[in-house]
Participant: 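Before we start, here is the structure in question, set down as structure tokens.
Owing to the predicted nature of the structure, the values given are computational and were not obtained by experimental measurement.
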Amino acid sequence: MNSPNQPLPTFDEVLLCTPQTTAEQVGLFLRRCLIPCSGGEKIYTMLYADELSYDVSCRAEELFQRLQRYNSSYRLIILCNCEREHSYIPSVFSQYKVHMIPQRPLAEIQRYLQHHYRVAQPSSSAASVFKDNMCVGIVSSKRAGVGK
């Protein structure tokens, strides 16, 4: 985010974890991150790793320990909910824990995201639904089940 021209992460650089995330999905992600290849200097991110089941977390740690020997220059960020810091993955990687506070003002982050998510030529696309021709948007309601 140092420059508006820096790209957003690609689909292979991010794993959004849920309780239903399988060991196979985590394994594929860790292999992309930890096995050296000519893929460049990607930064891999596991979001909500604290949501993984205990079994999947154990298998992920075992695989991580095996694969990290092959690549000392990997770039992996594991983001967890601070309220679940005692779940398996945050506990295992606690020695590397860094409490982060966004260093950029919210307005600057919003401008960066708007730069990447704005549709250049709005022509009867779904982006016309969202404000300022954005191709993504957040729809929320304080009432559940009102057709979002």
Participant: With the 4.5 Å side-chain cut-off for hydrophobic clustering, are F29 and V92 part of the same group?
Facilitator: yes
Participant: Side-chain heavy atoms nearer than 4.5 Å, only ILVMFWY residues, links allowed to pass through others: does that put L16 and I43 together?
Facilitator: yes
Participant: For the pair E85 and K97, find out whether any cationic side-chain nitrogen is under 4.0 Å from an anionic carboxylate oxygen.
Facilitator: yes
Participant: Is I77 reachable from L34 through a run of I, L, V, M, F, W or Y residues, each pair having side-chain heavy atoms under 4.5 Å apart?
Facilitator: no
Participant: Taking the ring centre of each residue, are Y88 and F93 less than 6.0 Å apart?
Facilitator: no
Participant: Could you check if a side-chain atom of E83 sits within less than 4.5 angstrom of a side-chain atom of D50, using non-hydrogen atoms only?
Facilitator: no
Participant: I89 and A49: which non-hydrogen atoms are nearest, and at how many Å?
Facilitator: CG2-CB, 3.8 Å
Participant: Give, for atom NE2 of H116 and atom CG of L8, the distance between the pair rounded to the nearest 0.5 Å.
Facilitator: 4.5 Å
Participant: Looking only at heavy atoms, which two atoms of H86 and S91 are closest? And how far apart?
Facilitator: O-OG, 3.4 Å
Participant: Look at the side chain of Q25 and the backbone N and O of T22, then say whether any donor-acceptor pair between them is shorter than 3.5 Å.
Facilitator: yes
Participant: What do the steps show when you test D55 against S57 for side-chain hydrogen bond (donor to acceptor under 3.5 Å, both in side chains), and what is the final call?
Facilitator: CA-CA 5 Å; D55 180 52; S57 296; over 6 Å; no
Participant: Taking atom CG of D12 and atom CG of L28, what is their separation to the nearest 0.5 Å?
Facilitator: 11.5 Å
Participant: For a quick test of reading the model, state the closest non-hydrogen atom pair linking R104 to E108 and the distance between them.
Facilitator: NH1-OE2, 3.1 Å
Participant: Are Y48 and L79 connected in a single hydrophobic cluster, I mean Ile/Leu/Val/Met/Phe/Trp/Tyr linked by side-chain heavy atoms less than 4.5 Å apart?
Facilitator: yes
Participant: What are the two closest heavy atoms between R75 and C33, and how far apart are they?
Facilitator: O-SG, 3.9 Å
Participant: When you measure from the side chain of E13 to the backbone N and O of T10, does any donor-acceptor pair fall under 3.5 Å?
Facilitator: yes
Participant: Could you give me the CA-CA distance, side-chain angles and deciding distance for L15 and T45, then say whether side chain to side chain contact (heavy atoms under 4.5 Å, CB included) is met?
Facilitator: CA-CA 6 Å; L15 178 64; T45 306; over 6 Å; no
Participant: Do K42 and Y44 have side-chain heavy atoms sitting under 4.5 Å apart?
Facilitator: yes
Participant: State plainly whether one hydrophobic cluster holds both L67 and V26, where clusters connect Ile, Leu, Val, Met, Phe, Trp and Tyr through side-chain heavy atoms under 4.5 angstrom apart.
Facilitator: yes
Participant: Measure the CD-CD distance between E51 and Q20 for me, rounded to the nearest 0.5 Å.
Facilitator: 9.0 Å
Participant: If you count heavy atoms of other groups shown closer than 6.0 angstrom to CD of E24, is the number above 12?
Facilitator: no
Participant: Rounded to the nearest 0.5 Å, how far apart are CG of L52 and CZ of R59?
Facilitator: 12.0 Å
Participant: For residues I35 and N71, determine if any side-chain heavy atom of one lies less than 4.5 Å from a side-chain heavy atom of the other.
Facilitator: no
Participant: Do L30 and L76 have side chains that approach each other closer than 4.5 Å (heavy atoms only, starting at C-beta)?
Facilitator: yes
Participant: Could you tell me if the side chain of C80 sits less than 4.5 Å from the side chain of P90, heavy atoms only?
Facilitator: yes
